[in-house]
J.: 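Dropping a structure here in structure tokens format, bear with me for questions.
Since the model is a prediction, treat every value here as computed from it, not as a measurement.
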Amino acid sequence: MIQSECRLLRGLLGFICLLPVCISAAPDLCGPLKTVRESLNSTLRRRYMKMNFPINYTIQVHYEEVFRLRNISRLNTSTEDEPVQQRDLQDLWLLVSQQGIKRVLKVLPERHPTRRKYLSNLENLFRDFEALYKQRNLNDEERDPPESIQNIQNRLLDPYYQGWKSVTPKSLLDNCYRTMLCLFKECFSNEDDNYDYCEVLNWRKGKKTT
Ligand SMILES: *[C@@H]1O[C@H](CO)[C@@H](O)[C@H](O)[C@H]1NC(C)=O
Ligand SMILES: *[C@@H]1O[C@H](CO)[C@@H](O)[C@H](O)[C@H]1NC(C)=O
Ligand SMILES: *[C@@H]1O[C@H](CO)[C@@H](O)[C@H](O)[C@H]1NC(C)=O
Ligand SMILES: *[C@@H]1O[C@H](CO)[C@@H](O)[C@H](O)[C@H]1NC(C)=O
């Protein structure tokens, strides 16, 4: 109700979401993200994304569907005129994660346990999160992402783009998990404040493993 009111007002005036009613409607993203995190825990990733597949099984994905911590630091420090914002990286994370799940679902038979017991549910969790995430960003001002991000998004969405890479199904979700902790730090870092989830080396050392 409040949401549709917001949309209507936005449609009419473009910038009206400065109204308190809209601000108070800003959804909490951390709840659904924590649910996603639980589903992406290392036990479940191993079981459903590795043990349920033949040894060394890989699938084909676009280069841009590999989104790792290194990509984040590269994009974040790029020296273009337009700086990349946290939100651009979060948009990218969401797009890449959902495409990754779809890629794996595409190769799985209808009755495969990874589909039935894991990925279908995970896909729904992402859809729930996406709905709230879009709602939040609706309240922010309109803006186009920087060119570096737009180029990546275009390639991600281009059905004719050729540029394939073999990856293990598990690696897609490993990356999804790590980049999530980095890009949504606010939701995850209260446990031990100094821990930098964006630091590649921390993961290498395996202190907070996979
Ligand atoms: C991951 O979640 C499953 C199901 O909730 C649980 O049984 C398992 O212990 C969890 N693993 C870790 C490492 O937290
Ligand atoms: C899987 O890959 C590893 C590392 O590339 C290789 O050493 C191993 O022989 C492979 N196993 C099978 C069953 O192909
Ligand atoms: C991440 O970096 C790799 C190269 O290391 C590149 O192929 C890939 O397209 C990048 N992913 C994104 C989403 O930009
Ligand atoms: C991007 O860089 C800014 C400024 O150096 C930093 O505050 C921020 O934490 C970085 N974001 C990520 C996701 O690495």
J.: Using the rule given for side-chain contact (heavy atoms from CB on, under 4.5 Å), can you reason through M49 versus L119, listing the C-alpha separation, both sets of side-chain angles and the distance that settles it, and then say yes or no?
T.: CA-CA 9 Å; M49 302 306 284; L119 282 183; 4.1 Å; yes
J.: For a 4.5 angstrom cut-off between non-hydrogen side-chain atoms, does M180 reach Y197?
T.: no
J.: Holding to salt bridge (charged side-chain N to carboxylate O under 4.0 Å, His left out), I want the full list of residues that pass it with R127, two or more places apart in sequence or in another chain.
T.: E123
J.: With respect to D174, which candidate in K50, R46, R45 satisfies the salt bridge (Lys or Arg N to Asp or Glu O under 4.0 Å) definition?
T.: R45
J.: Could you pull out all residues at least two apart from R115 that satisfy side-chain hydrogen bond (donor to acceptor under 3.5 Å, both in side chains)?
T.: none
J.: Only distances under 3.5 Å count here; give the side-chain donor-acceptor pairs of residues 89-97 to other protein atoms, sequence neighbours excluded, each with its distance to 0.1 Å.
T.:
from : atom 1 : to   : atom 2 : distance (Å)
Q90  : OE1    : R136 : NH2    : 3.1
Q90  : NE2    : L183 : O      : 2.9
D91  : OD1    : Y133 : OH     : 2.5
W93  : NE1    : C176 : O      : 3.0
W93  : NE1    : T179 : OG1    : 3.4
S97  : OG     : W93  : O      : 2.6

J.: Return the set of residues passing ring pair (Phe, Tyr, Trp, His ring centres under 6.0 Å) with F67 (not counting sequence neighbours), or none when no residue passes.
T.: none
J.: Would the F184 and F129 ring centres measure less than 6.0 Å apart?
T.: yes
J.: I101 and F126: side-chain contact (heavy atoms from CB on, under 4.5 Å), yes or no, with the steps?
T.: CA-CA 10 Å; I101 293 171; F126 266 96; 3.5 Å; yes
J.: Does H62 have any ring pair (Phe, Tyr, Trp, His ring centres under 6.0 Å) partners at least two apart in sequence or in another chain, and if so, which?
T.: Y161, W164
J.: Under 4.5 Å between side-chain heavy atoms, hopping through other hydrophobics if needed: is there a path connecting M51 to L173?
T.: no
J.: List in chain and number order the residues that pass side-chain hydrogen bond (donor to acceptor under 3.5 Å, both in side chains) with D88, two or more places apart in sequence or in another chain; answer none if no residue qualifies.
T.: R143
J.: Check whether any side-chain heavy atom of T168 sits under 4.5 Å from a side-chain heavy atom of Y57, and report yes or no.
T.: no
J.: Under the side-chain hydrogen bond (donor to acceptor under 3.5 Å, both in side chains) rule, collect the residues that match up with T43, sequence neighbours excluded.
T.: none
J.: Find the distance between CG (D128) and CG (L33) and round it off to the nearest 0.5 Å.
T.: 11.5 Å
J.: State the CG-NZ distance between N52 and K170, to the nearest 0.5 angstrom.
T.: 13.0 Å
J.: Check disulfide bond (SG atoms under 2.5 Å apart) between C182 and all other residues, then give those that pass, not counting sequence neighbours.
T.: C198
J.: Is the backbone N or O of S171 less than 3.5 Å from a side-chain atom of N175, with the two atoms forming a donor-acceptor pair by type?
T.: yes
J.: Establish whether Y63 and I59 are linked, either directly or via other cluster members, by ILVMFWY side-chain heavy-atom contacts under 4.5 Å.
T.: no
J.: What's the spacing between L172 CG and R68 CZ if we round to 0.5 Å?
T.: 11.0 Å
J.: What residues form a side chain to side chain contact (heavy atoms under 4.5 Å, CB included) with S39, not counting sequence neighbours?
T.: N121, L122, L125
J.: Grab the two heavy atoms, one from P32 and one from L132, that are nearest each other, plus how far apart they are.
T.: CG-CD1, 3.5 Å
J.: Please name all residues satisfying side chain to side chain contact (heavy atoms under 4.5 Å, CB included) with S166, sequence neighbours left out, ordered by chain then number.
T.: T58, Q60
J.: Start with the C-alpha gap between K185 and D196, add the side-chain angles, then the distance that decides, and say whether side-chain contact (heavy atoms from CB on, under 4.5 Å) holds.
T.: CA-CA 9 Å; K185 280 188 214 170; D196 186 0; 4.0 Å; yes
J.: Decide if the gap between the ring center of F53 and the ring center of H112 is smaller than 6.0 angstrom.
T.: yes
J.: For the pair Q150 (side chain) and P145 (backbone), establish whether a donor and an acceptor sit closer than 3.5 Å, ignoring hydrogens and angles.
T.: yes
J.: Suppose the criterion is disulfide bond (SG atoms under 2.5 Å apart): which pairs have a residue in residues 27-130, not counting sequence neighbours?
T.: C30-C187
J.: Can you list everything that forms a side-chain hydrogen bond (donor to acceptor under 3.5 Å, both in side chains) with E130? Sequence neighbours excluded, please.
T.: Q98, K134
J.: Test L156 against I152 for side-chain contact (heavy atoms from CB on, under 4.5 Å), laying out the working first.
T.: CA-CA 6 Å; L156 276 167; I152 295 170; 4.1 Å; yes
